[in-house]
Amino acid sequence: MTELPKSYDPKAAEPKWYQWWCEKGFFHAEPSKGGKPYSIVIPPPNVTGILHMGHALNESIQDVLVRRRRMQGFNTVWVPGTDHAGIATQNVVERKLKKEGKTRWDMSREDFLKEVWAWKEQYGGTILNQLRKLGNSCDWDRTRFTMDEGLSRAVAEVFCRLYDKKLIYRGNYIINWCPRCCTALSDEESEHEDEAGHLWHIRYPVKDGRKNECVVVATTRPETLLGDTAVAVNSRDERYAKLKGKTLVLPLVGREIPVIEDDYVDPQFGTGAVKVTPAHDPNDFEMGRRHDLPSINVMTDDAKMNENAGPYAGLDRFACRDKIVADLQAAGLLVKVEPHQHAVGHCYRCHTVVEPRLSPQWFVRMKPLARPAIEALKEGRFKFVPERWNKVYLEWMENIRDWCISRQIWWGHRIPVYTCEAEGCGHEWAARTAPDRCPKCGSEKFRQDPDVLDTWFSSWLWPFSTLGWPEQTESLKFYYPTSDLVTAPDIIFFWVSRMIMAGLEFMGDVPFRRVYLHGTVRDNQGRKMSKSLGNSIDPLDIIRDFSADALRFSLIALTATGQDVYISKEKFELGRNFGTKIWNAARFLQMNTPGEAPDVRAPQFDPALLTADDQHIIARLHRLIAACDEHIERCRFNDYAKAILEFFWHEYCDWYVEYAKQPFYGNDPARKAEVLKVMHYILSRALCLLHPIMPFLTEELWQDMGYTQIAESIVVAPWPKALDEEELLAQGISPEAVAYVDAKHATIGLARNLRADYGLAPAQTADFILRPADAATAARVSADRAAYLPHLRAEKFEVEMDYAPAKAMPSVITPLGTLFMSLAGHIDVEAEKKRLSEQLAKTSQELENTSKRLENVNFISRAKPEVVEQARARRKELQEKRDKLATLLESL
RNA sequence: GGGCGAUUAGCUCAGUUGGUUAGAGCGCUUGCUUGACAUGCAAGAGGUCACAGAUUCGAGUUCUGUAUCGCCCACCA
């Protein structure tokens with residue numbers, strides 16, 4: 001056993017143990033080692049990411065699950081990696097280029113990609129190194145990246161399979177377009193926010209109509225008027241019956257457009273007449289198809305007005321909006337402007353207002369993929385924790401829309417579709433590897449689609465692509481489906497749902513058996529932690545100022561299942577203080593252990609030497625083990641953390657360690673040896689239970705305390721097994737003894753209350769006499785008398801079956817019987833009598849005054865109610881004080 | 001517009017199938033350099049469990065409604 005320094009130094013211990021664990025290969029898993037598999041794939045952080053509290057919580061939970069399973073002997077793997085984060089990463093590199101005065105358009109696609117790869121090589125590992133600081137037991141040998149060779153092969157394979165099954169198609173549809181990133185986005189990538197906008201009412205004159213004959217339409221985006229190709233009304237709307245078949249003249253433009261009838265139009269909203277812009281609105285697009293209308297795109301890629309906008313060409317969309325409104329006003333065509341709340345889509349990467357826009361893109365047909373994913377949940381093939389996410393998942397799945405997967409950026413997996421450019425061929429095909437000729441005509445003249453795939457198109461394959469798919473590797477066979485997925489609910493649509501669909505489609509089974517969705521980490525005002533708000537707490541700062549263990553423990557202890565967690569820096573004191581407590585408890589034990597630690601592998605206790613207190617703490621340990629198992633199984637990680645704290649601090653330290661001081665400082669070597677055996681047993685097992693949350697501190701103590709006799713490292717130590725009552729009894733641990741100690745602790749607590757009630761200073765000794773409830777208790781307590789003395793701060797503690805006090809004595813009824821307190825023999829009785837008498841007289845006088853005041857009708861009626869209330873409280877207080885003083889005086 | 005979550009001590013939150021006296025941490029009050037630990041020990045104050053009904057012998061817990069806050073989803077221009 002190593003002598004422990006006065007305080008623990010996490011800064012030295014954490015890197016040391018982490019490096020050692022990695023060198024020893026404890027985190028590396030191979031199917032060939034056999035056993036039952038337990039697997040988790042990490043939600044891959046973006047390569048652009050830096051560690052934040054959300055990661056810290058997410059990773060800590062996964063590490064708890066993984067470390068416990070490993071200790072339980074499962075063949076455990078935790079696959080780490082990063083996501084190439086298409087748009088996000090491209091943006092980062094483009095910003096870097098901008099600082100150098102360049103844009104990607106100044107260079108070739110190849111050169112730009114070289115820049116991105118160079119950036120990735122330099123910074124892409126940052127987040128993974130930060131994860132190591134948390135103590136995560138990932139199998140780093142298996143680290144993957146969504147753009148590495150194997151995963152790219154998986155992407156191409158999946159694309160081709162879906163393409164060949166006609167589940168991927170290209171089409172011209174309205175998509176969400178980010179004019180800043182210059183790319184299409186999926187519906188999920190467009191974040192809707194309510195904004196205060198306007199509803200402009202615009203007059204559309206009727207062609208060849210009477211003077212001023214017109215239709216008034218309402219719109220929130222007047223600039224799209226330039227692309228209008230009709231005005232629609234509801235066929236049942238009487239007001240517009242006479243407009244049937246008429247033609248309108250588009251304001252400012254002069255183009256002639258028809259009036260159409262479509263039941264999509266709600267007569268109740270706006271004016272009941274809708275301008276139809278098929279190229280810039282999804283509903284209008286649908287109407288356009290129904291009525292065979294032309295689509296006129298009036299904007300460029302970066303949301304400026306294009307040549308179709310006539311005189312407005314070149315203007316930014318919002319500048320154009322202003323100008324159109326002004327021009328309409330000048331022409332007398334603007335009827336009115338109403339304020340209007342409506343949801344506006346924003347790019348999830350750069351927050352620019354998304355423009356709905358007609359554009360040729362690639363899509364995945366989702367309905368056929370969703371059906372099995374719905375069934376899988378209903379059949380219980382996987383489950384969500386907490387269960388309430390079932391509904392969210394099903395709602396989305398049942399209303400799923402096709403997934404726009406093409407992005408007009410360069411960083412990502414390029415769409416593996418080729419088009420033959422040979423004269424008269426034009427064949428289009430998808431290929432897993434770069435082709436050298438057209439499979440139809442043999443021409444070598446062909447081109448690849450310029451777009452890349454949505455970054456989530458590689459993420460949705462993560463649980464099997466990281467295990468080697470499309471190769472049928474041993475790892476894939478052994479570890480798939482994975483056991484648990486731990487993530488935050490904000491990517492349930494982006495990622496979780498799609499992984500389930502992909503798993504079922506390509507592997508024929510769900511990707512994981514259970515999804516635990518934890519809460520969001522917020523600041524103490526309930527705001528999401530974000531860089532821009534400046535309210536984030538950097539986990540690395542917490543690790544520096546406290547420790548990784550303190551960070552992990554605090555986060556887990558404070559997060560109830562699936563609830564959001566509110567964090568401020570002080571909260572991490574919880575974990576730090578607990579760590580210190582554990583350190584000191586171990587140090588105390590080490591200081592009192594002569595030589596090496598006793599055999600803790602499978603200690604056999606001597607029933608003859610085992611006291612009730614020994615039995616009690618061992619029984620409690622086993623209750624704790626059972627509780628830990630139950631809490632972890634049910635994802636109640638906060639209860640798990642708090643159960644250990646409660647046991648270790650308040651049962652082991654507050655009671656058992658205090659109790660152990662008697663044998664330690666006494667002179668019964670057999671007793672001392674037995675207590676040491678118990679304490680090392682308890683500590684070694686408690687460290688195991690705590691290890692998944694506080695890996696570093698527990699390893700440090702495991703080594704220093706010499707528990708390596710059990711296992712080389714606590715990482716691979718066996719997880720304790722809870723013994724039931726019968727098994728405990730076989731070890732000499734009886735429920736009666738345990739119940740007795742509970743009663744003893746309650747009794748000591750009540751005795752302390754008694755001391756405090758009568759104002760005894762801690763240094764003030766007193767005698768206690770117990771009149772036990774029955775003979776059995778009498779025998780038990782008599783044998784144990786000495787153990788009570790330090791807790792009671794007493795010199796004498798007597799047990800008397802028929803104790804009848806000669807005079808009134810302070811007493812309390814306890815689970816063991818009635819407990820009397822006596823000061824006789826501990827104080828100068830005469831002096832104390834005098835002092836108490838004086839105090840009693842003073843108190844009685846004040847009580848009398850207060851009582852009189854309260855009997856005074858004037859006082860009651862005229863004083864403020866709170867003053868009267870105060871007086872009543874004071875009277876009660878004085879009555880109690882007087883009674884106590886009287887009892888104490890009488891007892892002397 | 002639809003859905004979900006929250007509302008319990010000064011603050012932040014637990015409270016697992018309904019069951020004596022509703023818990024914890026922090027903060028606060030009082031007292032302690034008690035031979036591991038002041039990052040500690042002992043004692044204490046503090047709650048009409050958001051509101052209104054209903055079910056029940058019994059409700060913080062179940063049901064209905066209301067209010068406030070937060071989140072998610074949504075193609076009414």
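Scanning atom types as modelled, one donor and one acceptor separated by under 3.5 angstrom connect the side chain of A:Glu658 and the base of B:A36. For B:U34, its base never sits under 3.5 Å from the side chain of A:Arg793 at any donor and acceptor pair.
No engagement by A:Asp284 is indicated, since no non-hydrogen atom pair under 4.0 Å with the nucleic acid exists.
Distance check on atom C1': B:C41 versus B:U34 gives 8 Å, rounded to whole Å. Atom name C1', nucleotides B:A52 and B:G44: the rounded distance is 37 Å, in whole Å. Comparing B:C72 with B:A77, their C1' atoms are spaced 24 Å from each other, to the whole Å. For B:A6 and B:A45, the C1' atoms lie 29 Å apart once the distance is rounded to whole Å. Taking atom P on both nucleotides, B:C69 is separated from B:C76 by 24 Å, rounded to a whole Å. The gap from the P atom of B:U16 to that of B:G60 amounts to 12 Å, rounded to the nearest Å.
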Discussion item. Does A:Phe384 form a side chain to side chain contact (heavy atoms under 4.5 Å, CB included) with A:Val496? I'd like the steps, not just the answer.
Written reply: CA-CA 11 Å; A:Phe384 286 105; A:Val496 180; 4.1 Å; yes
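Between A:Trp655 and A:His745, the angle of the ring planes stays under 30°, which puts this pair in the parallel group of the 30/60° scheme.
Residues A:Tyr173 and A:Asp402 bring no donor and acceptor atom of their side chains to less than 3.5 Å of each other. Between the side chains of A:His680 and A:Thr593, at least one donor N or O lies within less than 3.5 Å of an accepting N or O.
In this structure B:C51 sits in a base pair with B:G65, meeting the Watson-Crick or G-U test at under 3.5 Å. When Watson-Crick and G-U wobble pairs are counted only if both distances are under 3.5 Å, B:A45 pairs with no nucleotide at all. Shown here, B:G10 forms a base pair with B:C26; the pair counts as Watson-Crick or G-U wobble because both key distances fall under 3.5 Å. With a cut-off of 3.5 Å on both pairing distances, the Watson-Crick or G-U wobble partner of B:G40 is B:C32. The nucleotide B:G70 finds its pairing partner in B:C4, both defining distances of the Watson-Crick or G-U wobble pair being shorter than 3.5 Å.
Relative to the six-membered ring of A:Phe588, A:Lys661 meets both conditions, a distance below 6.0 Å and an angle of at most 45° to the axis.
Sequence order on RNA chain B of the closest nucleotides to A:Pro267 and A:Ser190 puts A:Ser190 first from the 5' end. Heavy-atom nearest nucleotides on RNA chain B were determined for A:Leu589 and for A:Arg752, and the one closer to the 5' end corresponds to A:Leu589.
Taking the 5.5 Å centre cut-off and the 30° plane limit, the aromatic side chain of A:Tyr665 is classed as stacked on B:G35.
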